[in-house]
*Asks:* 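Take a look at this one; I'll ask things after.
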Number of protein chains: 2
Amino acid sequence: MKMTTVGLRERKKQKTRIALIDAALDLFLAEGYDITTVDQIAAAVDVSPRTFFRYFASKEEVALSPCRDGQEIFESELAARPGDESPYQAVMRAMRTTLATVRDGDPAEADRFVKVRRLMKETPSLIAGQMCMIAQSERRLTEEVARRRGTDVDDLHTQFVVSVLTTINRVCLEHGPDDPAPLLERMERTIAIAERCLRPGWDR
Amino acid sequence: MKMTTVGLRERKKQKTRIALIDAALDLFLAEGYDITTVDQIAAAVDVSPRTFFRYFASKEEVALSPCRDGQEIFESELAARPGDESPYQAVMRAMRTTLATVRDGDPAEADRFVKVRRLMKETPSLIAGQMCMIAQSERRLTEEVARRRGTDVDDLHTQFVVSVLTTINRVCLEHGPDDPAPLLERMERTIAIAERCLRPGWDR
DNA sequence: TAACTTATGTCACCCCATGACAAATGACAA
DNA sequence: TTGTCATTTGTCATGGGGTGACATAAGTTA
């Protein structure tokens, strides 16, 4: 008869993980991403540098980890959208609920989200990693869209649709405000523009 | 009364630069990008490792340098487009002439172009850098498009247009063939799809 | 040829990242 | 509680990427 299932061990791991992320984010924002060393981050959490790399594969990963979380939320939201929605509808609605989730969920989590956005704006060296994440997510999105459109992932039109969808999200996120609420507003405005530019049924 | 202007010094520099690029590309393709070390590249050209970093800021930069060249061609082609063309027209035509330039220009240069494309397809660690380049170019493209549309660079519609234009190019280049000629064909097919999806005047 | 400028090599150094091994710590059953 | 086991952690050693400093070699110019 297992209760919470999570033992002390697992809880400790989660705690150091969060501690590493928070320490890293604060150091990055205070001192600058490039200058801050992994040793400093580890020291701030009172952990050996080697341990840091057992939690995160790279310095970049710890910085972008809240991003990754948001992306996972988005992807599960997208998978939960009914199958009769068009790719465009499904993606936009999933995006809306994702931002709303961040806005209304754990404040600490939302705080990290905002911090990462602030950090990325002032750190060109992180753009590469961010773009890489987007590219990966785009590959997964392609499968989802191909399913909804009933084509192969190699279909040129499907690839175009995916790229445009990613683009809409990117226009929002890239230069938008940091806080979830105004970000959601920008999202609506971007969607309005997209719908003025695209022919009805373009994504079918 | 200056003649060729380029002295022995400058010629030598160009030669080692090219030699480094070619040696790097061949090593990367033969052994793999991640495994190949800068020391190996430098040794292949009979140059000190320190000198390598005087030519290229990073191992990534030497790999992507032909890409960068192509992008510069594109940007000068774009700047040369008449001002009365819409952003979409200007970008697509600049893209066409760029690919044609690569196809019809120096075979050695085209060869490097093809090699880089082959390399990128099998090297995930290079995607980040490539995406970063695209992001940078997108920022410059934004200024050009803002000029043509007569808006500020912060204009949301302008940002949307830029993203869609970048997207069209990316759909082409990302999963397309390596050789310039078939790539040009894929470009035309992508353009056709884009025009079926977008409302006339969407980029104005 | 001499003086100057610039590229190169050598050296030292820091940071990121990883494998190996031993020590510490939580999990679990007797 | 105690002993055993599994997992996490720290320490150590190693290698590659990347940079500053300085002396030397090589091209440039008078």
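So you know, we letter chains A, B, ... as the sequences are listed, proteins then strands, and number each from 1. All values reported here derive from a predicted model rather than from experimental measurement.
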*Asks:* Please compare B:Lys59 and A:Lys13 by the position of their nearest nucleotide in DNA chain D and report the one closer to 5'.
*Replies:* A:Lys13
*Asks:* CZ of A:Phe53 versus P of D:dT9: gap in Å, rounded?
*Replies:* 15 Å
*Asks:* Compare side-chain N and O positions of B:Lys12 against OP1 and OP2 of D:dG27 and report whether any pair is under 4.0 Å apart.
*Replies:* yes
*Asks:* Whether B:Asp179 and B:Arg117 form a salt bridge (side-chain N of Lys/Arg under 4.0 Å from carboxylate O of Asp/Glu) is what I want to check.
*Replies:* no
*Asks:* Let me know the distance between CD of B:Glu61 and P of D:dG18, rounded to the nearest Å.
*Replies:* 10 Å
*Asks:* For B:Tyr55, answer base if it contacts any base atom (sugar-phosphate contacts may also be present), sugar-phosphate if it contacts only those atoms, and nothing otherwise; contact means non-hydrogen atoms under 4.0 Å.
*Replies:* sugar-phosphate
*Asks:* Look at B:Glu144 together with B:Arg147 and state whether they make a salt bridge at an N to O cut-off of under 4.0 Å.
*Replies:* yes
*Asks:* For chain B and DNA chain C, what are the first and last nucleotides along the strand, 5' to 3', with at least one atom under 4.0 angstrom from a heavy atom of the protein chain?
*Replies:* C:dT5 to C:dT10
*Asks:* Rounded to the Å, how far apart are A:Arg9 CZ and D:dC5 P?
*Replies:* 15 Å
*Asks:* Please determine whether side chain to side chain donor-acceptor pair (under 3.5 Å) holds for the pair B:Thr98 and B:Glu77, giving the CA-CA distance in whole Å, both sets of side-chain angles, and the decisive distance to 0.1 Å.
*Replies:* CA-CA 7 Å; B:Thr98 301; B:Glu77 292 288 350; 5.4 Å; no
*Asks:* In this structure, how many angstroms lie between the P atom of D:dG17 and the CD atom of A:Glu60, rounded?
*Replies:* 17 Å
*Asks:* Any Lys/Arg nitrogen of B:Asp69 or B:Arg112 sitting under 4.0 Å from an Asp/Glu carboxylate oxygen of the other?
*Replies:* no
*Asks:* On DNA chain D, nearest-nucleotide positions of B:Asp39 versus A:Phe52: which is more 5'?
*Replies:* A:Phe52
*Asks:* Using modelled atom types and a 3.5 Å cut-off, is there a donor and acceptor pairing between side-chain atoms of A:Gln40 and backbone atoms of A:Thr37?
*Replies:* yes
*Asks:* Report the base-pairing partner of D:dT8 (Watson-Crick or G-U wobble, both distances below 3.5 angstrom), or none.
*Replies:* C:dA23
*Asks:* Please report, rounded to the nearest Å, how far the P atom of D:dG17 is from the CZ atom of B:Phe56.
*Replies:* 15 Å
*Asks:* Of B:Phe52, B:Tyr55, B:Phe53, which meets side chain to side chain contact (heavy atoms under 4.5 Å, CB included) against B:Val62?
*Replies:* B:Phe52
*Asks:* For D:dG18, does the base pair up with any side-chain atom of B:Arg54 as donor and acceptor (N or O, under 3.5 Å, distance only)?
*Replies:* no
*Asks:* Ion pair present between B:Lys115 and B:Asp26, side-chain N to carboxylate O less than 4.0 angstrom?
*Replies:* yes
*Asks:* Over all strands shown, is A:Ser48 touching base, sugar-phosphate only, or nothing at heavy-atom distances under 4.0 angstrom?
*Replies:* base
*Asks:* Write down the distance between CG (B:Leu126) and P (D:dG17), rounded to a whole number of angstrom.
*Replies:* 13 Å
